[in-house]
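Excluded from the calculations below are hydrogen atoms, water molecules and symmetry mates; all remaining heavy atoms, backbone and side chain alike, are included.
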Amino acid sequence: MSIEQGTVDITKTFAAPAAAVFSAWAEEAAQRAWGDPGPDWQMHFERFRFTVGESDICRFGPKDGPTYLNENRYLEIMPEKRIAYASLLREDGTLTFAGTVVVTFETVQGGTRMRFVEQGSYFDGRDKADDHRDGWRAMLEAMDGYLQRTVRAGITGALSGSPAAG
C-alpha cells in the first residue's frame, strides 16, 4: 500500500467573461459538454448539486473498461470568484484519489484567467498527479472550445441570483 502526494496547478486564460467561465462549472449540462471524455467512454451524473454543503456524483469510464466514480463536495462557492471542493475518485469501488480542488476566476483584458489547483493523495499506484494533470489539461481545452461555441452563440448561462452561492 502506497500514498503519493501531489499537486496539479494549471492556469488558463479564456476569451470569455467570468460569468460564462463560472457557469461552465456551475451547470450540469455545461459540465457534461466539456467533461465528456469522448466517444469510446461513457459518463453520467447520478447527482449534480452545485451548492455549498452538497455533492456531485459522476460515473465515467471507457466502454467495456473500469468504472470510475468521482464525488465532489462543495466547501465554498463565490460566483465568478472561487470554487472550493473536496474530491474523491474510486476505480471499480477502490479509492484511488482523495483531495481538494480550488478554482479561481480573475477578469483580465480579453477574458478570464482561471487557476485550477488540485492537491491530494494518490493511492497504491493506481492514480498519479501526472495523469490527473493530463486529464485536466484535456478537459480545460474542451472547456475552452465549449466557451467559444456558447459565447459566439450568445449563450452565457450566467447564474445571477443562483442558490449555489454560499
Do the side chains of R49 and S55 get nearer than 4.5 Å, heavy atoms only?
-> no
Between R82 and F105, the two heavy atoms sitting closest are N-CD1, 4.0 Å
Rounding to 0.5 Å, atoms CG (D134) and NZ (K128) come to a distance of 11.0 Å
Please report the closest heavy-atom contact between A19 and E80, naming both atoms and the distance.
-> CB-OE2, 3.5 Å
Looking only at heavy atoms, which two atoms of L147 and A20 are closest? And how far apart?
-> CD2-O, 3.5 Å
So which heavy atom on P17 is nearest to which on T112, and how close?
-> C-OG1, 3.2 Å
Contact check, side chains of W34 and M139, non-hydrogen atoms, under 4.5 Å | yes
Do the non-hydrogen side-chain atoms of W25 and M143 ever get within less than 4.5 Å of each other?
-> yes
Side chain to side chain contact (heavy atoms under 4.5 Å, CB included) assessment of V108 paired with T13 | CA-CA 8 Å; V108 296; T13 301; 4.0 Å; yes
Euclidean distance, E71 CD relative to E46 CD, rounded to 0.5 Å | 9.5 Å
Is there a donor-acceptor pair closer than 3.5 Å between any side-chain N or O of D124 and the backbone N or O of R126?
-> no
Between the side chains of N70 and S87, is a donor N or O closer than 3.5 angstrom to an acceptor N or O?
-> yes
Test item: R115 and I10 side chains (from C-beta on) under 4.5 Å apart, heavy atoms | no
Output yes when a side-chain donor or acceptor of D9 lies under 3.5 Å from a complementary backbone atom of V117, and no otherwise.
-> no
Are the side chains of Y85 and F50 in touch, meaning some heavy atoms are under 4.5 Å apart?
-> no
May I ask you to check whether H44 and F60 place their ring centers less than 6.0 Å from one another?
-> no
Cluster check F97, I3: I/L/V/M/F/W/Y, side chain < 4.5 angstrom | no
Could you tell me the separation between the CG atom of L69 and the CZ atom of R59, rounded to the nearest 0.5 Å?
-> 4.5 Å
Would you give the length of the straight line joining atom CH2 of W136 to atom CG of D131, rounded to the nearest 0.5 angstrom?
-> 14.5 Å
To the nearest 0.5 angstrom, please state how far the CD atom of Q119 sits from the CD atom of Q5.
-> 9.5 Å
Return the orientation label for the F45 and F48 ring planes: parallel under 30°, perpendicular over 60°, tilted otherwise.
-> perpendicular
Taking all atoms of both residues into account, what is the closest heavy-atom pair of Y146 and A33, and its distance?
-> CD1-CB, 3.7 Å
Shared hydrophobic cluster for V21 and V102 (ILVMFWY, side-chain gaps under 4.5 Å) | no
Determine, step by step, whether F116 and V8 satisfy the side chain to side chain contact (heavy atoms under 4.5 Å, CB included) criterion, reporting the C-alpha distance in whole Å, the side-chain angles of both residues, the deciding distance to 0.1 Å, and the verdict.
-> CA-CA 8 Å; F116 171 94; V8 174; 4.1 Å; yes
Should I83 and F22 count as side-chain neighbours, where that means a heavy-atom distance under 4.5 Å?
-> yes
Do H132 and E118 have side-chain heavy atoms sitting under 4.5 Å apart?
-> yes
R137 vs R133 side-chain heavy atoms within contact, under 4.5 Å = yes
Where S2 and G125 come nearest, the two heavy atoms and their spacing = OG-N, 3.7 Å
Kindly compute the distance separating CZ (R32) from CD (E27), expressed to the nearest 0.5 Å.
-> 11.0 Å
Between Y74 and D56, do the side chains contain an N or O donor and an N or O acceptor separated by less than 3.5 Å?
-> yes
Does M43 share a hydrophobic cluster with L88, counting links as ILVMFWY side-chain heavy atoms below 4.5 Å and allowing steps through other members?
-> no
Fit a plane to each ring of W41 and Y68, take the angle between them on a 0 to 90° scale, and name the class: parallel (under 30°), tilted (30 to 60°) or perpendicular (over 60°).
-> parallel
Taking atom types as modelled and ignoring hydrogens, do the side chains of E91 and T96 form a donor-acceptor contact shorter than 3.5 angstrom?
-> no
